[in-house]
Amino acid sequence: ALPLPVEAVRHGTLTDRSVCCDATLLLAFDASRHAAEGGDDVGGDLDGDDDLDIVQVNAGTGDIRLVSVAGGIEAAAGALTPLIIGDDLTLNAVTGIGDDAALLTSVTTVNAVNTASGNIRITETAAGADLVVNGAVQQTAGNIVITTTNGAQTVAGPVSVAAAAATIDLTADGGDLAINSSVNALNGKITLTTTDDTRSVTMNATGLVQTTGGEVEVNSAEDLTMTAGARILTTTGLIDLNIADALVTQRPGVALGILT
């Protein structure tokens with residue numbers, strides 16, 4: 001692995017936003033140094049032929065883009081916690097995003113795309129902070145697991161997996177889980193969970209949770225609220241609703257109606 005100090009990457013990320021290397025990158029950004037150079041956004045199109053192993057990326061309130069064009073995005077040995085600190089986070093990889101272990105973040109939004117193999121696993125750790133998922137897409141294979149440990153999670157863009165048995169697991173601990181876009185699995189299981197006993201799973205009119213042959217499981221520590229137009233669909237699987245102390249199982253091929 002080749003470590004790059006802040007001084008080596010500072011000007012590249014602030015100008016052409018491109019840092020290229022032939023080996024694994026270990027990056028530790030210092031937000032104050034970036035701000036001193038006239039901006040606080042860290043944009044790294046990190047072109048390498050191996051995994052991008054991160055010690056820590058700290059952009060303060062700036063945006064972050066991390067790209068591994070031939071490998072995955074992973075936490076390096078000895079990584080700091082949280083691993084990624086910033087505002088809007090964009091992740092693009094080929095062989096997994098947090099496949100070895102979930103990427104621990106402290107960000108406002110995330111958009112992740114993985115193209116070939118490996119899982120997408122992201123855990124938002126900031127106390128009292130909410131996470132907006134602007135998209136999470138597995139283009140070929142792999143599962144998606146996105147968790148907040150101290151706040152709400154809002155799905156504002158498509159979350160999807162492409163492999164037949166790939167699964168999606170979205171969990172909000174300490175806040176509501178809001179499905180305001182599509183969550184789509186081919187034949188795999190979709191699990192939606194809130195763990196705080198005052199927090200609910202909600203779906204607005206654009207909320208769609210769909211799997212053709214898999215199961216949809218909703219575990220809400222409080223309520224499940226679906227506004228007009230929201231849908232939970234499966235063709236040959238089951239829809240299991242665990243709402244507070246109640247358990248409801250919807251039979252195959254039936255779309256749920258409006259629950260309040």
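Here the structure is a predicted model, which is why all the values come from computation and not from measurement.
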Group every Ile, Leu, Val, Met, Phe, Trp and Tyr by side-chain heavy-atom contacts under 4.5 Å, then state whether [X] and [Y] land in the same group.
{"X": "Val113", "Y": "Ile122", "result": "no"}
{"X": "Leu241", "Y": "Val201", "result": "yes"}
{"X": "Ile54", "Y": "Ile97", "result": "yes"}

Tell me the closest heavy-atom pair linking [X] and [Y], and the distance in Å.
{"X": "Leu83", "Y": "Val55", "answer": "CD1-O, 3.3 Å"}
{"X": "Ile64", "Y": "Ala59", "answer": "CG1-CB, 3.7 Å"}
{"X": "Val216", "Y": "Val209", "answer": "CG1-CG1, 3.8 Å"}
{"X": "Gly72", "Y": "Ala93", "answer": "CA-CB, 4.1 Å"}

I need the [X] [atom1] to [Y] [atom2] distance, nearest 0.5 Å.
{"X": "Asp173", "Y": "Thr194", "atom1": "CG", "atom2": "OG1", "result": "9.0 Å"}
{"X": "Leu170", "Y": "Thr191", "atom1": "CG", "atom2": "OG1", "result": "8.5 Å"}
{"X": "Asn180", "Y": "Leu208", "atom1": "CG", "atom2": "CG", "result": "12.5 Å"}
{"X": "Asn134", "Y": "Thr154", "atom1": "CG", "atom2": "OG1", "result": "10.0 Å"}
{"X": "Thr123", "Y": "Leu104", "atom1": "OG1", "atom2": "CG", "result": "6.0 Å"}
{"X": "Ser117", "Y": "Gln139", "atom1": "OG", "atom2": "CD", "result": "12.5 Å"}

### Task
Tell me, with the steps shown, if Asp88 and Thr90 meet side-chain contact (heavy atoms from CB on, under 4.5 Å).
CA-CA 7 Å; Asp88 297 333; Thr90 302; 5.8 Å; no
Check whether any side-chain heavy atom of [X] lies under 4.5 Å from a side-chain heavy atom of [Y], and answer yes or no.
{"X": "Met226", "Y": "Met203", "result": "yes"}
{"X": "Glu74", "Y": "Leu52", "result": "no"}
{"X": "Leu66", "Y": "Ile84", "result": "yes"}
{"X": "Val133", "Y": "Val159", "result": "yes"}
{"X": "Leu186", "Y": "Val161", "result": "no"}
{"X": "Asp130", "Y": "Gln153", "result": "no"}
{"X": "Asn111", "Y": "Leu91", "result": "no"}
{"X": "Leu89", "Y": "Asp63", "result": "no"}

With a 3.5 Å distance limit and no angle check, can you tell me whether [X] reaches the backbone of [Y] through a side-chain donor-acceptor pair?
{"X": "Asn119", "Y": "Arg121", "value": "no"}
{"X": "Gln210", "Y": "Ile232", "value": "no"}
{"X": "Asn204", "Y": "Thr206", "value": "yes"}
{"X": "Thr109", "Y": "Val132", "value": "no"}
{"X": "Asn219", "Y": "Thr193", "value": "no"}
{"X": "Thr211", "Y": "Lys189", "value": "no"}
{"X": "Asn150", "Y": "Thr125", "value": "yes"}
{"X": "Thr227", "Y": "Ala205", "value": "yes"}
{"X": "Ser200", "Y": "Leu224", "value": "no"}
{"X": "Asp53", "Y": "Ala75", "value": "no"}

### Task
Test side-chain hydrogen bond (donor to acceptor under 3.5 Å, both in side chains) on Asn187 and Thr212 and set out the steps.
CA-CA 5 Å; Asn187 287 308; Thr212 301; 4.9 Å; no
### Task
Give me the one residue out of Val110, Val107, Thr149 that meets side-chain contact (heavy atoms from CB on, under 4.5 Å) with Glu124.
Val107
## Note on the structure
With Leu192 as partner, the option from Thr171, Val218, Asp169 fulfilling side-chain contact (heavy atoms from CB on, under 4.5 Å) is Val218
### Message
Checking Thr167 against Ile190 for the side-chain contact (heavy atoms from CB on, under 4.5 Å) test, could you report, in this order, the C-alpha distance in whole Å, the side-chain angles of both residues, the deciding distance, and whether it holds?
### Response
CA-CA 6 Å; Thr167 61; Ile190 298 173; over 6 Å; no
### Query
Who passes side-chain hydrogen bond (donor to acceptor under 3.5 Å, both in side chains) against Asp196, sequence neighbours left out?
Thr198
### Task
Test side-chain contact (heavy atoms from CB on, under 4.5 Å) on Thr108 and Leu131 and set out the steps.
CA-CA 5 Å; Thr108 304; Leu131 178 66; over 6 Å; no
### Task
For Glu215, check salt bridge (charged side-chain N to carboxylate O under 4.0 Å, His left out) against everything at least two apart and list the hits.
none
### Task
Could you go through the side-chain contact (heavy atoms from CB on, under 4.5 Å) check for Asn242 and Glu217 one step at a time?
CA-CA 8 Å; Asn242 301 282; Glu217 180 178 321; 3.8 Å; yes
